[in-house]
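Structure first, then comments.
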Amino acid sequence: MRKSILNIVESIAKNEGDRIAIKSTKGQLTYEQLWQQSDSLALWLDNELGGNKKPVMVYGHKNPQMLVCFFACVKTGRAYCPVDISMPKNRIEEIAASIGNEIILATEDSDINNFRVVSREEIENICKTEPLADLRGKWVKGEDIFYIIFTSGSTGNPKGVQISETNLSNFTAWSSDMVREKMNLKEGETVNFLNQAPFSFDLSVMDLYTSLSLGSTSVFLDKKLQQDTGAMFDYMRDNDINCWVSTPSFAEMCLADRSFDSKMLDKLKLFLFCGERLTKETAQKLLDRFPSSKVVNTYGPTESTVAVTAVDITDDIIKNNEILPIGVPKDGTKIMIEDEEIIILGDTVGKGYYKNPEKTDEVFSKMKYTDGKEYAAYRTGDKGYFKDGNYYCTGRMDFQVKLHGYRIELGDIESNLMLCSEVEQAAVLPKYDGEKIRNLVAFVKAPSLEGDFKDVKYLKGRLKEKLPGYMIPKNIKFIQSMPITANGKLDRKKLEAAFL
Amino acid sequence: MENKVVETVLNLLEEICGDDVVRVDMDINLLEEDLIDSLDYTELLVGIEEALGIVMAPSELKREEMDTPNKIIEQVMKRM
């Protein structure tokens, strides 16, 4: 029978509890500590919340306590909702209100109002208490929601993607088998995973839960380290990273430094990419600098649990393709292409958006596959095709873009710009560098503003109150009037041709 | 020589930052004003290498040493 992630971690904690689950600049955590501390916190949490079964927001950054909080929530039968410190206060409060639970667990200082925020000190103290009982019967299982991750929504309101315990276990069964196979791991052999993405981005699920499934170590790379390339490289080297998980953008940033190669990270054997397009240039550079490592491209939306396809990128694949393939679906997943759109069917398709049946019905459904069977299905809105044994993804059908791995609805930024009383019209466009989005440019019609740098700064400041940093357009251009199409819509093509 | 460095760096910054404010205020803090990010730095360093033949490794440089147009020019001049 398929084992749940909780069963797997419990058995490691009981049999080889001294193994390190997490390393970070803020300390480390063994499997035994993870298991016991989350038991203690779960008991406390369940007692405090009683009949309130709502999900629990876990706010913070790359602190080992984050994982203790995640496990504590699911051990009480409640989903957790990870929120990173990079989110602005306003959006955090929107998510907190949408979740609607009075208690928030926070491993970093926060200024969230109107909720009972349990601080790191309190969490640490609770974790020190002896877990007198275990809540086994209450654990999140089967179709229960394991986590909720909020993504950008086109109307300016974020949507909470709900992933069940079954979804997550199906994903990790596949991802851990893949890592085992690609790295030729012997029975019981463990690896050190790089954990780069913030927990509010589901790319972090790939390394964190795959690592736990393999009884391995997840090495957290916090924000501060990521801003100091020299110190970051030292940290990666000192922690013997074996399996790299990041967005392609992050690897590109590292590649800019010539010292980033197999001499520096001689234990690094596997690169796993997800979250945005992997370009041929980046893949080629990695293969050149790390000649004995494998580079694997994967693809998948948050709505279908991190990733559903994978492919080894080889010199031949790079040579024979214009864009890199995303590979073939995992066991349990089927892919259909309908009017160019990629549709994912199968056992990792999530349970829709939290408290948002309208948006859920637009993209989640049940569909029949060519084998005559019915599966849970998700319309990705991604454009793609199938050729010579592989699937390819060419971009988005709508105005959603990926920048540095983050999913961004351009409409979300536009709506927030329009909230400024000076702005009459707003349009946000991606600026491309070859096949990749380089940054975002906002065009605004704001006759009452002069349009100098002080105004740019003012509008960016307003946006920052509402949106995470990665959604703030790099540039804001003031224009006299917006080009309009025949049916009265903003003419993005014309705007792009005129200004970008 | 200094003129060439100044012109090259300012041209690159204007292109990368997408704003001519980098010429108007050469002490503007590019990081604080969100005019430059990690990938932009990469592009800047590659551009400097192509135009002036000077190799600058990101791991050798602290961000505080490279956060205004003037400081960047100073770092390039040091390596001429």
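Proteins come first, then strands; the chains are lettered A, B, ... in the order of their sequence lines, and each starts at number 1.
The residue among Asp20(B), Val55(B), Asp40(B), Val24(B) with the most heavy atom pairs within less than 4.5 Å of chain A is Asp40(B).
Annotation: the span from Asp37(B) atom CG to Met253(A) atom CE amounts to 9.5 Å, rounded to 0.5 Å. For the atom pair CE (Met264(A)) and OG (Ser59(B)), the distance works out to 8.0 Å, reported to the nearest 0.5 Å. To the nearest 0.5 Å, atom CG of residue Leu61(B) and atom CG of residue Asp257(A) are 9.5 Å apart.
In terms of heavy-atom proximity, Gln226(A) sits nearest to Arg63(B) at O-NH2, 4.3 Å. Between Asn475(A) and Cys17(B) the shortest heavy-atom distance is ND2-O, 2.6 Å. Closest approach of Glu33(B) to Lys460(A), counting heavy atoms only: O-NZ, 3.6 Å.
Few gaps surround CD on Glu7(B); more than 12 heavy atoms of other groups in view lie less than 6.0 Å from it. In the displayed structure, Arg258(A) atom CZ is contacted under 6.0 Å by at most 12 heavy atoms of other residues, nucleotides or ligands. Around atom NZ of Lys263(A), no more than 12 heavy atoms belonging to other residues, nucleotides or ligands sit under 6.0 Å away. A 6.0 Å sphere centred on NZ of Lys89(A) holds more than 12 heavy atoms belonging to other residues, nucleotides or ligands.
Within the 4.5 angstrom heavy-atom criterion, only side-chain atoms of Asp228(A), from C-beta onward, approach chain B. Only the side chain of Lys464(A) comes within less than 4.5 Å of a heavy atom of chain B; its backbone N, CA, C and O stay farther away. Residue Leu39(B) touches chain A through both its backbone and its side chain, counting heavy-atom pairs closer than 4.5 Å. There is no contact between Glu64(B) and chain A, counting heavy-atom distances below 4.5 Å.
For Asp19(B) and Lys474(A), the salt-bridge test fails: no basic side-chain N is under 4.0 Å from an acidic carboxylate O.
The shortest distance between side-chain heavy atoms of Ile28(B) and Phe453(A) falls below 4.5 Å. Put simply, the side chain of Glu252(A) does not reach to within 4.5 Å of the side chain of Thr42(B), judged on heavy atoms.
Residues passing the side chain to side chain donor-acceptor pair (under 3.5 Å) test with Arg277(A) are Glu435(A), sequence neighbours excluded.
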